[in-house]
Novice: 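For reference, the structure I am asking about is given below.
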Amino acid sequence: MSFYLHILASELSKTYLTLLRTKELHAFITKTHLACDPFYATRIVRLYSINSRLNYARHVFDKTPNRSVYLWNSIIRAYAKAHKFGNALSLFFTMFGTETLPDNFTYSCIIRVCAENFHRERLKLVHGRVLASGFGLDPICCSALVTAYSNLDLIEDASKVFDVMPHPDLVMWNSIISGFGYCGFWNQGLLLFSRMRNLGGHPDGYTVVGVASGIAEPSLLSTGKGIHGFCLKCSLDSNEHVASALVSMYSRCNCMYSAYLVFISLIQPDLVTWSALITGYSQSGDFWKALFFFQKLNMQGMKPDAILIASILAAAAQSANIRPGIEIHGYALRQGIDSNEMVSSSLIDMYSKCGYLSLGIRVFHIMQRKGIVAYNSIIWGMGLHGLASKALESFEELLDIGLMPNESTFSALLCACCHAGLSSVGKAIFRRMRNEFGIKYRTEHYVYIVKLLGMSGELEEAYNLVLSLPEPVDSGVWGALLSCCDACGNLELAEIVAQKLLENNPHKMAYRVMLSNIYAGEGRWDDVKKLRDTMTEKERGKLPGLSWI
DNA sequence: GTAGGGTTAG
């Protein structure tokens, strides 16, 4: 008996205990009437939660007459961890009718729940309750609020919470700095980083990960190097989170060599850092290196997980060669992660890009739960293979099962219509995208619709559409129009469009070459010569294509 | 109460 009590009271029960042992302890406290004590009930609830037995946990909670705030927090956290947000929220609201009011830990858990479920309005409501309960300056509630608001892209609200704190602690600083980085305001994050240091704060791993994750484009490379320097100076670079954040930061800056140097400086990089490197190579187009490092990782006896498999399949898809993809598929099957939604979606994409759409369709059909990414992948695949009507059928199917299409869905559909020359269907899809689904058009959507109109001879409509767009119109859109003019032989419009393009991109040769080709097609050799004279010898001398075959 | 790698698209 004292043995059971010892386990329940000690630190041991905070860590993992098997389901069997948990049931044993549960039986013990029931038999000895200790189950009425909220202290023991809380322990059992936590243990059931760790063992993913929510129903048992709830049963213990329901049977406990005197519920402490710890017990409430444990059951709410259990629901939150299991993504049962409705249950977590309803229990939270039930608390207000009881004698036990939520404490700062209850609030922080609910705040997180709201953010994970994109409940902006509910988050504000909970924030109101935080203030009313006197937790407006509580560091635990406030850091959770800052993170939640940032994750919902409400950085101004996050800032307001931070600004009222008279003496923000380290977690608070980290939350707001990561928030700015996450929302793309890397410069604001850096400013706060220096402010923190000027006030005598000591940045830790969380802080530098926060600033590094905001560095997302090659023009920020020197800033990124500065952050790396700081990590070296403070010996933070051996922290696994920091190291992988640095590897991805350099990858985003197109600086794979620096990413590689950070990687090899580690004695024992973990799976996430390996993934960061491999994904970096894959996304920068160096799929052979990605595949090479994937092989190396396997030879070192590390076990890739679903995220890494999905990532490496994207590299395999680029190779346009079925072999690596098939091998990885085999691996995923053996590991039992082929049914993971992310993995399946990238398998569909890999097969269709490597020319085996039928295999992609097979993967799609055997998927248990299909999300929007899986549908997008199959729609892209069908479109690429010229099966526009099949792509449209899949679109209707995803709507039927209640999925919400996104930007990529519409790019895929418009691309499918383009390939098949389905101009009126494409136009209808383009309209539905905004009117029915409220999705904003992006450059690629304009490019597709212009191509669709232009290639089906509706050049005038395409031109008017481009003119109606808010300035500045991306040169990709004008470029699409120019190539349609070329295809339709509309010299008049081609000149106008090319002029527009050359005004904005005087140094881009491709547009001059296109215009020159149009002149040549019409036999206007004088104009060709004039245009060609504006190019230097080097610019004209394009290397002809070579083939081994 | 805060952190790293993410499949489809550009």
Novice: Is there a side-chain contact between Gln283(A) and the phosphate of dG6(B), meaning an N or O under 4.0 Å from OP1 or OP2?
Specialist: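 Checking dG6(B) against Gln283(A), a side-chain N or O does come within under 4.0 Å of OP1 or OP2.
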
Novice: In this structure, how many angstroms lie between the C1' atom of dA9(B) and the CE atom of Met404(A), rounded?
Specialist: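 Roughly 17 Å, once rounded to whole Å.
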
Novice: For Phe410(A) and dT8(B), what is the distance between atoms CZ and P respectively, to the nearest whole Å?
Specialist: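 In whole Å, dT8(B) P lies 20 Å from Phe410(A) CZ.
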
Novice: Nearest to the side chain of Asn239(A), which nucleotide is it out of dA3(B), dG5(B), dT8(B)?
Specialist: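 For the Asn239(A) side chain, the nearest candidate turns out to be dA3(B).
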
Novice: Rounded to the nearest angstrom, tell me the gap between atom CD in Glu407(A) and atom C1' in dT7(B).
Specialist: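 Going from Glu407(A) (CD) to dT7(B) (C1'), I get 16 Å.
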
Novice: Among dT2(B), dT7(B), dG1(B), find the nucleotide with the atom closest to the side chain of Ser143(A).
Specialist: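 When the side chain of Ser143(A) is considered, dG1(B) is the closest of dT2(B), dT7(B), dG1(B).
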
Novice: In whole angstrom, give the distance that lies between atom CZ of Phe193(A) and atom P of dA3(B).
Specialist: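 About 18 Å, once rounded to whole Å.
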
Novice: Between dT8(B), dT7(B), dT2(B), spot the one nearest the side chain of Ala310(A), thanks.
Specialist: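 Nearest to the side-chain atoms of Ala310(A), counting from C-beta on, is dT7(B).
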
Novice: For the pair made of CZ in Phe263(A) and C1' in dG4(B), what is the distance, rounded to whole Å?
Specialist: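 Going from CZ in Phe263(A) over to C1' in dG4(B) covers 14 Å.
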
Novice: Against Tyr375(A), only a single residue in Ile348(A), Ile401(A), Leu399(A) fulfils side-chain contact (heavy atoms from CB on, under 4.5 Å); can you say which?
Specialist: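 Looking at Ile348(A), Ile401(A), Leu399(A), the match for Tyr375(A) under the side-chain contact (heavy atoms from CB on, under 4.5 Å) is Ile401(A).
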
Novice: Can a donor-acceptor pair under 3.5 Å be found between the side-chain atoms of Ser244(A) and the base atoms of dG4(B)?
Specialist: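 Indeed there is one.
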
Novice: Nearest whole Å is fine: how far is dT8(B) C1' from Met350(A) CE?
Specialist: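 To the nearest whole Å, that distance equals 14 Å.
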
Novice: Work out which heavy atom in Ala462(A) is nearest to a heavy atom in Leu481(A); give both atom names and the distance.
Specialist: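 Heavy atoms only, the tightest pair is CB-CD1, 3.8 Å.
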
Novice: Contact class for Asp204(A) vs. all strands (heavy atom < 4.0 Å): base, sugar-phosphate, or nothing?
Specialist: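 Nothing: the residue Asp204(A), judged by heavy atoms under 4.0 Å, touches no strand.
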
Novice: Output the single nucleotide from dG6(B), dT8(B), dG10(B) whose closest atom is nearest the side chain of Ala314(A).
Specialist: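 Shortest atom-to-atom distance from the side chain points to dT8(B).
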
Novice: What integer distance in Å separates Gln318(A):CD from dG10(B):P?
Specialist: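 For the pair Gln318(A) CD and dG10(B) P, the rounded distance is 12 Å.
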
Novice: Between Phe293(A) and Tyr281(A), what is the ring plane arrangement, given parallel below 30°, perpendicular above 60°, and tilted in between?
Specialist: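 Phe293(A) and Tyr281(A): parallel rings.
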
Novice: Determine the contact category for Ser178(A): base if any of its heavy atoms lies under 4.0 Å from a base atom, sugar-phosphate if only primed atoms, P, OP1 or OP2 are that close, otherwise nothing.
Specialist: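 It contacts nothing in the nucleic acid.
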
Novice: Applying salt bridge (Lys or Arg N to Asp or Glu O under 4.0 Å) to Arg323(A) and Glu327(A), what does each step give before you reach the verdict?
Specialist: CA-CA 6 Å; Arg323(A) 269 203 78 103; Glu327(A) 277 178 32; 3.5 Å; yes

Novice: When you measure from the side chain of Glu444(A), which nucleotide among dT8(B), dG10(B), dG6(B) comes out closest?
Specialist: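 Shortest atom-to-atom distance from the side chain points to dG10(B).
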
Novice: Give one of base, sugar-phosphate or nothing for Asn104(A), where a contact means two heavy atoms less than 4.0 Å apart.
Specialist: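 Counting heavy atoms under 4.0 Å across all strands, no contact is made by Asn104(A).
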
Novice: Val171(A) side chain: which of dG1(B), dA3(B), dT8(B) is closest?
Specialist: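 Nearest nucleotide to the side chain: dG1(B).
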
Novice: Should the ring pair Tyr260(A) and Phe263(A) be called parallel, tilted or perpendicular, given that the plane angle runs from 0 to 90° and is split at 30 and 60?
Specialist: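 Answer is parallel, since the angle falls under 30°.
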
Novice: Side chain of His241(A): nearest nucleotide among dT8(B), dG4(B), dT2(B)?
Specialist: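 So the nucleotide nearest the side chain must be dG4(B).
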
Novice: So what does Asp270(A) touch, heavy atoms closer than 4.0 Å: a base, only the sugar-phosphate, or nothing?
Specialist: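 Result for Asp270(A) = base.
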
Novice: Which nucleotide, dG1(B), dA3(B), dT8(B), lies nearest any side-chain atom of Trp380(A)?
Specialist: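 Nucleotide nearest to Trp380(A)'s side chain: dT8(B).
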
Novice: If you apply the rule side-chain hydrogen bond (donor to acceptor under 3.5 Å, both in side chains), what do you find for His241(A) with Tyr206(A), and how did you get there?
Specialist: CA-CA 8 Å; His241(A) 288 261; Tyr206(A) 287 86; over 6 Å; no

Novice: What is the nucleic acid contact for Arg112(A), judged by heavy atoms within less than 4.0 Å: base, sugar-phosphate only, or nothing?
Specialist: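 Contact class for Arg112(A): sugar-phosphate only.
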
Novice: Which of parallel (below 30°), tilted (30 to 60°) and perpendicular (above 60°) describes Phe230(A) and Phe193(A)?
Specialist: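 Taking Phe193(A) first and then Phe230(A), their aromatic rings stand perpendicular (interplane angle over 60°).
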
Novice: Find the distance Phe395(A):CZ to dT8(B):C1' and express it as a whole number of Å.
Specialist: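 From Phe395(A) CZ to dT8(B) C1': 15 Å.
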
Novice: Give Thr273(A) one of three labels, base, sugar-phosphate or nothing, depending on what nucleic acid heavy atoms sit under 4.0 Å from its own.
Specialist: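 Base contact.
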
Novice: Over all strands shown, is Ser411(A) touching base, sugar-phosphate only, or nothing at heavy-atom distances under 4.0 angstrom?
Specialist: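 Touches nothing.
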
Novice: Kindly point out which of dG5(B), dA3(B), dT2(B) is positioned nearest to the side chain of Val209(A)?
Specialist: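 Within the option list, the nearest is dA3(B).
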
Novice: What nucleotide, of dT7(B), dG4(B), dT2(B), holds the atom closest to the side chain of Ser311(A)?
Specialist: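 Taking heavy atoms from C-beta onward, the closest nucleotide is dT7(B).
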
Novice: For dA9(B), does either OP1 or OP2 sit under 4.0 Å from a side-chain N or O belonging to Lys353(A)?
Specialist: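 For Lys353(A), the contact criterion (side-chain N or O under 4.0 Å from OP1 or OP2 of dA9(B)) is met.
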
Novice: Base, sugar-phosphate or nothing for Ser377(A)? Non-hydrogen atoms, less than 4.0 Å.
Specialist: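 Answer is sugar-phosphate: Ser377(A) comes under 4.0 Å of backbone atoms only.
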
Novice: Remember a base hit wins even if backbone is also touched, and classify Asp169(A) as base, sugar-phosphate or nothing at under 4.0 Å, heavy atoms.
Specialist: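 Base contact.
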
Novice: Need one value for Gly205(A): base, sugar-phosphate or nothing, where a base atom within 4.0 Å counts as base even if backbone is also close, heavy atoms only.
Specialist: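 If one applies the 4.0 Å heavy-atom cut-off, Gly205(A) turns out to touch a base.
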
